Amino acid sequence: MLSSSLLFALLLLLVLLGTKRAFSKKRRLPPSPPKLPLLGHLLQLGSLPHRSLSALSEKHGPLMLLHFGHVPTLVVSSADMAEEVMRTHDTSFASRPDLKPVRTILYDTHDVGFAPFGDYWRHTRKLCTIHLLSGKRVKSYRALRQEEVAFMMQKISRASLSSTSGFIDMSKVINSFVTDIVGRVVSGTSFRAADRCQLFSKLIDDNGVAFRELCVGELFPSLGFLDGILGLNPTAKKVAKEWDVALNEMIQDHVERLNRDEVQERDFVDELLDVVDKPEKDFCLTMKQMKAILWDMFSAGVEASFTALEWAMAELVRHPETLKKLQDEVRGLAAGKDMVKEDETHDMVYLKAVLKEVLRVHPPTPLLLPRESIEDCQIQGYHIPKKTRVLINAWAISRDPKHWDAPEEFRPERFMSSDLDFKGKNFDFTPFGSGRRICPGMQLAVATLEVALANLVHQFDWELPLGMTRDEFDMTESPGLTARKKEPLHLVAKPWGQIPLE
Ligand code: HEM
């Protein structure tokens, strides 16, 4: 039998050994700029975080550990480090953080984009790919896209004739075009006809406001209960309610159609309904989960595509020589036709280069979507603890002067002599992300953007509003998850050739 004093001595030795091991295990963390007590680096974020984080990383390196309140956040600002996160350690970083406003709006993150890494995410992502976003599906929406493009052309044509101000609000035009395309592919019916365009555009705008709202629990997880007591984050609750009403109404329409046996072609909502509350299926959803997925398709689908097309038109009017070169290509290959058909865009190499350059200079989600590590890991000798949030600054990376010649210049020619693309293999150019979490809507987005842009430059000549110079044209970004153009895009459109009016 061991005496109690011997037992005590042994215990003490074990504790000391443990402490020594803990000290010797003290791991090297990535560099971190000086921070304030409590707030950490919060005040260094600025209103356009991709820009302020880029400036910080110039001083502190491409891998920085910041603290927003108590939350550790790894900021990645070079192609090499992005490759470490999105390829070498892709699985370790394949989850998303649990963000309070997102949770409130997104039915406890039962969508795809913010779902934690795991089986639910895998199943729902597959469901969206098979029934909505696969190459085959995207091709099948071709006629629908062509109709919506034609409608947009007529709208611009009419507006250019009737405008009293002399210019058109192209932000509005592009927004309703993209909302209607996404609305139609997801719900099978024209959003325009069902008067849903405006409502969904507004709801998507409101998401941005709600996501920017202050949450104490976001920064100091242990004080999250204060959000409820102080009544913080009221917009998220209001927006969540409005989304719920709109989605319920759309789902109800589909249920009634199914009950009346009126469905000829099944759309995405029908496909989802097919697995709602069906425990006998391999994978089934609740109604709440279905709504989260629909939210994702509308919000992710509309917001980023709209932002990209708006920036494309803004850059083209600021660069008349690029616009002219693009028009020469498009008008040459679609000579004698009223409209450019999707097949005809395949050979439009300059069109593709312009689109890439737009996504390089203005990646719609400049910090991609935030990720979170699900296990400890090592990057370049630095220890990254489990549950560290990760922001990949795609905006800074696609302007890194080490990889890009004259990165601030809008110059689509840079892509003419290279096969660099945005499909997730080139880590200096990842507007759609990369790895397991890469954007599943890339093919739908590119198909929509190419045919829309081709027709916009084919059918119209574009100018800045009368009297405005290129330098006066506002190119400021607005804050948010997506970096939209802050001011509405006002342009003068002059019809080229004749567009038949209905
Ligand atoms: C120009 C248009 C678009 C851009 C630039 C874009 C960009 C992105 C980016 C950067 C991510 C995060 C990737 C990552 O974490 O590595 C993402 C995720 C996502 N995008 Fe897109 N996107 C676009 C259009 C679309 C469309 C049209 C849809 C669907 C209708 C869509 C659906 C999604 C979804 C569901 C996710 C979450 C994927 C996941 O977490 O597994 N996106 N997108």
Side-chain angles (χ1 to χ4, degrees), residues 50 76 82-83 85-87 89-91 93-97 102 106 109-118 120-129 131-134 137-138 141 145 174 177-179 181-187 200 204 268 292-312 355-356 358-372 389-395 397-398 421-425 427 429-450 452-453 481-484:
H50 54 286
V76 175
E83 182 167 2
V85 171
M86 295 193 283
R87 187 157 78 182
H89 300 285
D90 187 24
T91 317
F93 292 103
S95 206
R96 304 280 191 212
V102 176
L106 265 169
T109 58
H110 278 113
D111 65 321
V112 181
F114 284 95
F117 184 61
Y120 178 80
W121 163 75
R122 217 170 274 121
H123 276 295
T124 48
R125 186 174 161 116
K126 196 167 152 199
L127 208 62
C128 295
T129 306
H131 296 302
L132 186 72
L133 303 171
S134 68
R137 288 276 170 175
V138 171
Y141 312 135
R145 264 192 303 271
I174 294 174
F177 161 72
V178 177
T179 310
I181 290 234
V182 176
R184 252 181 105 175
V185 300
V186 173
S187 78
F200 275 78
I204 291 164
F268 186 59
I293 296 170
L294 287 175
W295 182 99
D296 234 14
M297 295 304 110
F298 289 121
S299 303
V302 173
E303 177 79 19
S305 309
F306 158 73
T307 303
L309 194 51
E310 200 186 32
W311 282 122
L355 193 56
K356 284 181 184 173
V358 170
L359 294 171
R360 182 189 73 79
V361 182
H362 304 282
T365 42
L367 298 170
L368 307 184
L369 290 186
R371 297 184 177 217
E372 189 176 270
R389 286 189 191 165
V390 183
L391 297 176
I392 296 162
N393 197 341
W395 180 89
I397 295 171
S398 61
D421 69 33
F422 40 58
K423 294 182 185 154
K425 298 273 181 284
F427 291 87
F429 183 42
T430 57
F432 292 97
S434 178
R436 282 170 174 72
R437 285 286 190 165
I438 193 171
C439 174
M442 180 168 48
Q443 293 190 69
L444 176 61
V446 173
T448 307
L449 293 173
E450 282 183 358
L453 195 55
L481 208 58
T482 42
R484 288 182 177 192

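Computed from a prediction, not measured in an experiment: that's the story for all the values here. As the structure lists them, so they are numbered: ligands from 1, and atoms in each ligand from 1.
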- prompt: What is the ring orientation for W311 with H362, classed by angle as parallel under 30°, tilted 30 to 60°, or perpendicular over 60°?
  reply: parallel
message: Heavy-atom distances under 4.0 Å decide this one: backbone, side chain, both or neither, for P364 against ligand 1?
response: side chain
Any N or O of S305 closer than 3.5 Å to N or O of ligand 1: no
query: Considering all heavy atoms of both residues, which atom of L449 and which atom of S305 are nearest to each other, and what is their separation?
result: CD2-O, 3.5 Å
- line: Honestly, for M442 the part within reach of ligand 1 (heavy atoms, under 4.0 Å) is neither
query: Where is the nearest protein heavy atom to atom 42 (N) of ligand 1: which residue, which atom, and how far?
result: C439 SG, 3.0 Å
Could you tabulate the donor-acceptor pairs under 3.5 Å formed by side-chain atoms of residues 430-438, not counting sequence neighbours?
{"residue": "S434", "atom": "OG", "partner": "G424", "partner atom": "O", "Å": "2.7"}
{"residue": "R436", "atom": "NH1", "partner": "D90", "partner atom": "OD2", "Å": "3.1"}
{"residue": "R436", "atom": "NH1", "partner": "T91", "partner atom": "OG1", "Å": "3.4"}
{"residue": "R437", "atom": "NE", "partner": "A94", "partner atom": "O", "Å": "2.8"}
{"residue": "R437", "atom": "NH1", "partner": "V112", "partner atom": "O", "Å": "3.0"}
{"residue": "R437", "atom": "NH1", "partner": "A115", "partner atom": "O", "Å": "3.4"}
{"residue": "R437", "atom": "NH2", "partner": "A94", "partner atom": "O", "Å": "3.3"}
{"residue": "R437", "atom": "NH2", "partner": "A115", "partner atom": "O", "Å": "2.4"}

statement: Taking every heavy atom of P364 against every heavy atom of A308, the minimum-distance pair comes out as CG-CB, 4.1 Å
Any N or O of W121 closer than 3.5 Å to N or O of ligand 1: yes
message: If I compare all heavy atoms of L132 with all of Y141, which pair ends up nearest, and what's the gap?
response: O-OH, 2.7 Å
- prompt: What residue and heavy atom of the protein are closest to atom 16 (O) of ligand 1, and at what distance?
  reply: R371 NH2, 2.5 Å
field: 4.0 Å heavy-atom contact, V182 with ligand 1
entry: no
- prompt: Which heavy atom in Y120 sits nearest to a heavy atom in D111, and how many Å separate them?
  reply: CE2-O, 3.8 Å
message: Measuring from atom 7 (C) of ligand 1, which candidate in A304, P431, G435 has the nearest non-hydrogen atom?
response: P431
query: Roughly how far, to the nearest 0.5 Å, is the CH2 atom of W121 from the NE2 atom of H110?
result: 15.5 Å
- prompt: So which protein heavy atom does atom 32 (C) of ligand 1 come closest to, and at what separation?
  reply: A300 CB, 3.6 Å
message: Out of G113, A82, P440, who is nearest to atom 34 (C) of ligand 1 when you count heavy atoms only?
response: P440
query: Roughly how far, to the nearest 0.5 Å, is CZ of R484 from CD of E310?
result: 7.5 Å
message: Any nitrogen or oxygen of D296 lying under 3.5 Å from a nitrogen or oxygen in ligand 1? Just yes or no.
response: no
- prompt: Any idea which protein heavy atom is nearest atom 6 (C) of ligand 1, and the distance to it?
  reply: F432 CD2, 3.6 Å
task: Cation-pi check, R122 to F117: give yes when NZ or CZ is under 6.0 Å from the six-membered ring centre and within 45° of the ring axis, no otherwise.
output: yes
message: Heavy atoms only: which of R122, M297, R125 lies closest to atom 38 (C) of ligand 1?
response: R125
- prompt: Any idea which protein heavy atom is nearest atom 12 (C) of ligand 1, and the distance to it?
  reply: L369 CG, 3.7 Å
T365 neighbourhood, listing ligand 1 atoms whose heavy-atom distance to it stays under 4.0 Å: 7 (C), 9 (C), 10 (C)
query: Does any N/O atom on R437 come nearer than 3.5 Å to any N/O atom on ligand 1?
result: yes
- request: Look at atom 2 (C) of ligand 1 and say which protein heavy atom is nearest, naming residue and atom and giving the distance to 0.1 Å.
  value: A445 CB, 3.5 Å
- prompt: With backbone taken as N, CA, C and O and side chain as the heavy atoms from C-beta onward, which portion of S434 lies under 4.0 Å from ligand 1: side chain, backbone, both, or neither?
  reply: backbone
query: With a cut-off of 4.0 Å, which atoms of ligand 1 are near a heavy atom of V112?
result: 40 (O), 41 (O)
- prompt: Rounded to the nearest 0.5 Å, how far apart are CD1 of I392 and CD of E83?
  reply: 12.0 Å
message: With nothing but distance in play, are any N or O atoms of R436 less than 3.5 Å from an N or O of ligand 1?
response: no
message: As an exercise, identify every atom of ligand 1 less than 4.0 angstrom from a heavy atom of G301.
response: 26 (C), 27 (C), 28 (C), 29 (C), 30 (C)
message: Pairing donors with acceptors under 3.5 angstrom, does anything connect the side chains of T482 and E303?
response: yes
- prompt: Can you name the nearest heavy-atom pair linking L309 to A452, along with the distance?
  reply: CD2-CB, 3.9 Å
query: What are the two closest heavy atoms between M442 and F422, and how far apart are they?
result: SD-O, 3.6 Å
